[in-house]
Number of protein chains: 2
Amino acid sequence: MKGTVTVKTLAKELNISIATVSKALNDSYEISLETKQKVWDLAKKLKYERNPSASNLRSHKTKTIAVIIPEIANNFFSLAINGIEEIARKRDYHVLIYQTHENSDTEIAFTDSLLSGRVDGILISVSSNTNNNEHFKELVKKIPVVFFDRVFEDIDAVKITTDDYESAYNATCHLIECGCKKIAYLFALNNLVTGKNRFAGYLKALEKYNMLYTDEMIVHYDKDTSKNYENIKAMVSNQKPDAVIASIEELALPCYYVARELNLNIPKDLKIISFSNLNTAPLLNPSLTTIEQPAFEIGKEAAGILFKILEKKYLEPNENHILKSRLIKRESTSCG
Amino acid sequence: MKGTVTVKTLAKELNISIATVSKALNDSYEISLETKQKVWDLAKKLKYERNPSASNLRSHKTKTIAVIIPEIANNFFSLAINGIEEIARKRDYHVLIYQTHENSDTEIAFTDSLLSGRVDGILISVSSNTNNNEHFKELVKKIPVVFFDRVFEDIDAVKITTDDYESAYNATCHLIECGCKKIAYLFALNNLVTGKNRFAGYLKALEKYNMLYTDEMIVHYDKDTSKNYENIKAMVSNQKPDAVIASIEELALPCYYVARELNLNIPKDLKIISFSNLNTAPLLNPSLTTIEQPAFEIGKEAAGILFKILEKKYLEPNENHILKSRLIKRESTSCG
DNA sequence: TTTATTTACGAATACGTTTAAGTAAAAACC
DNA sequence: GGTTTTTACTTAAACGTATTCGTAAATAAA
């Protein structure tokens, strides 16, 4: 790197010390406006770019945050990242993305490696296959972390979620009011409050209407995508539910294929409702009733709080921020 | 950072020099296996994590690459990132994501800021609104860059693309063979070879079959999403084409809404075909015929070549790598 | 046995920045 | 006019790692 322009270059050129240059670049009050201007001008002219490693090594600020998510090819997480990025961009922060692909070991490897001071803070949406949260407990002691959407109950960190319980409750009620007598549930995120709350909302609605419920009506998410299709097909064939609630988007689409395969008409024979941020939901055949989470806002909120922690240097009380989801009724649950 | 464990900590504990520790950690041939083992054991025991900033400052290796893309909430790019990540993960590299949101100024700001040595290499898919490539010309002189999918013609860097010309040609032929007499084209990426080639393929097919072509049948992509809907609606109303080719996914979905609005039956009144990686394409109403790019493979290929450049320290000849897309025929172009 | 070579390590420096501590000159105060 | 305070800088020391160069001991070659 011979041609690199550093503070030294600027200092030599302007005949001032490198300390002055550094302070000028950081707009320190110690430096006169006149000098600052000279430094700024030369820096622009020579296209000086601060070396991030050196800066970070000295200041312990990386201007970088990490986002750990299960999967990027999912509209909810893509939108959440958009929200995160918007906030990060404003503060000139960089965003490292890590995908766990729902693998707990990968998740642990990521969190471990982020302990090295590569980032100032971390945003996490937990992998569905993570059932042990010890590594998170260690993590939150050492670096600011904000969890969003997929969160654990007993971790001492800020958590941004949506009103999962109420959403599932309302969705189930919607189906019941449409006349559904047997509503199956596609369970995911068993280990997380997120998943538990959704299921609890479903149960609560059934209870309110004195509806029957058996374990056979529940299909649990499988890492193996093709298994999900098989399991749902088996359940629908055997149990013959007249409605299905998918707790995650990945479980809703197989339902469409299953319905086709079994010659079931949606919504006449089988109504479907799903937690989902698919932007093609209105264009599906038939259009899909969704519980749409404010993904973009969740990202913004989570990032905003992380920066608040980073700036104020104090950890917020372990309060939960809960945003509201929207139930959008479409053809897949039309009451005919 | 008082509790931080550094090479110094390890050195003191083992009564050896920090140089030896550093070399041992890097598995240097200068260190005896016995000593190495002691260092490794202690490092693991104390959960030593190498400080990336210090390491990078000294070695000029960041173990980080940047990915600059227009939009993450797009299945093509999400999948490409998956491919990139898979390769990066194998080499223990970190991935910074930057979204331009199709904004050229943002793109320039990113490329400028990446000149500071924050990353070892960059993967770029160019924003559609970028019509000046001067900043890229400067960039590729200073840091290894691989372009993928959305590329400029005259930049001296490796480019990974798909067979856009042939794909568009084949798609157009498919429509013509279905009996279409007037095929509209939804143009995007005008400034890039990618966009030019797709359009050229379309034109070539028209020419082969002696089909009519007027500028009125072309709608150009607008940054303002709602404008796209309006423009397509106007074109379809006035020109009454019997088919539409969308050069990007973002232009295909508005067609569905336009068809509904104008009471046109897809595919009877209007056939639609689109460059797209939508995973709900088979579930749309009607299912969408797509030209599906091997997004995941493109990402893998691009990242693979970038690492080849990074490791071999020599720039590959400016050759183009062209992967094949697949035309997947569905209901939206069924010849009924 | 003497000399040359290899092995295994340490001392010291550099990477580019930030910052605590120090200082001369200018300004403000009585 | 003398003292204090403020302003605008500089010096020097970090941050944690990688690396060049040097060297003593062990081994091999003569």
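Here is the naming used below: chain letters follow the sequence lines, and residue numbers restart at 1 for every chain.
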Asks: Can a salt bridge be assigned to the pair K223(B) and E102(B) using a cut-off of 4.0 Å between side-chain N and carboxylate O?
Replies: no
Asks: For N51(A) and dC15(C), is the shortest distance between a side-chain N/O and OP1 or OP2 below 4.0 Å?
Replies: no
Asks: Looking at L306(B), N320(B), I298(B), which one forms a side-chain contact (heavy atoms from CB on, under 4.5 Å) with I160(B)?
Replies: I298(B)
Asks: Taking only residues two or more places apart in sequence, or in another chain, which ones meet K44(A) in a salt bridge (charged side-chain N to carboxylate O under 4.0 Å, His left out)?
Replies: none
Asks: I want to check one thing: is the phosphate of dA18(D), taken as OP1 and OP2, less than 4.0 Å away from some side-chain N or O of S55(B)?
Replies: yes
Asks: Please give, in whole Å, the distance from dC15(D) P to K61(A) NZ?
Replies: 16 Å
Asks: Using a cut-off of 4.0 Å between protein heavy atoms and nucleotide atoms, how would you tag nucleotides 7-14 of chain C 5' to 3' with B, S and -?
Replies: -BBBB--B
Asks: With a 6.0 Å cut-off on the ring centroids, do Y98(B) and H94(A) count as close?
Replies: yes
Asks: Evaluate S127(A) against R150(A) for side chain to side chain donor-acceptor pair (under 3.5 Å), listing each step before the verdict.
Replies: CA-CA 8 Å; S127(A) 149; R150(A) 303 216 195 157; 5.8 Å; no
Asks: Looking at the side chain of L57(A), which of dT17(D), dG16(D), dC15(C) is the nearest nucleotide?
Replies: dG16(D)
Asks: Checking N129(A) against N103(A): is there a side-chain donor and acceptor pair closer than 3.5 Å?
Replies: no
Asks: Between atom NZ in K8(B) and atom C1' in dA14(D), what is the gap in whole Å?
Replies: 9 Å
Asks: If I take atom CZ in residue R50(B) and atom P in nucleotide dC15(D), what distance separates them, rounded to the nearest angstrom?
Replies: 19 Å
Asks: Without decimals, in angstroms, what is the distance between L25(A) CG and dC9(D) P?
Replies: 14 Å
Asks: When the distance from CG of L10(A) to P of dT10(D) is rounded to whole Å, what number comes out?
Replies: 13 Å
Asks: Once you round it to whole Å, what is the distance between C1' of dC9(D) and CG of N26(A)?
Replies: 16 Å
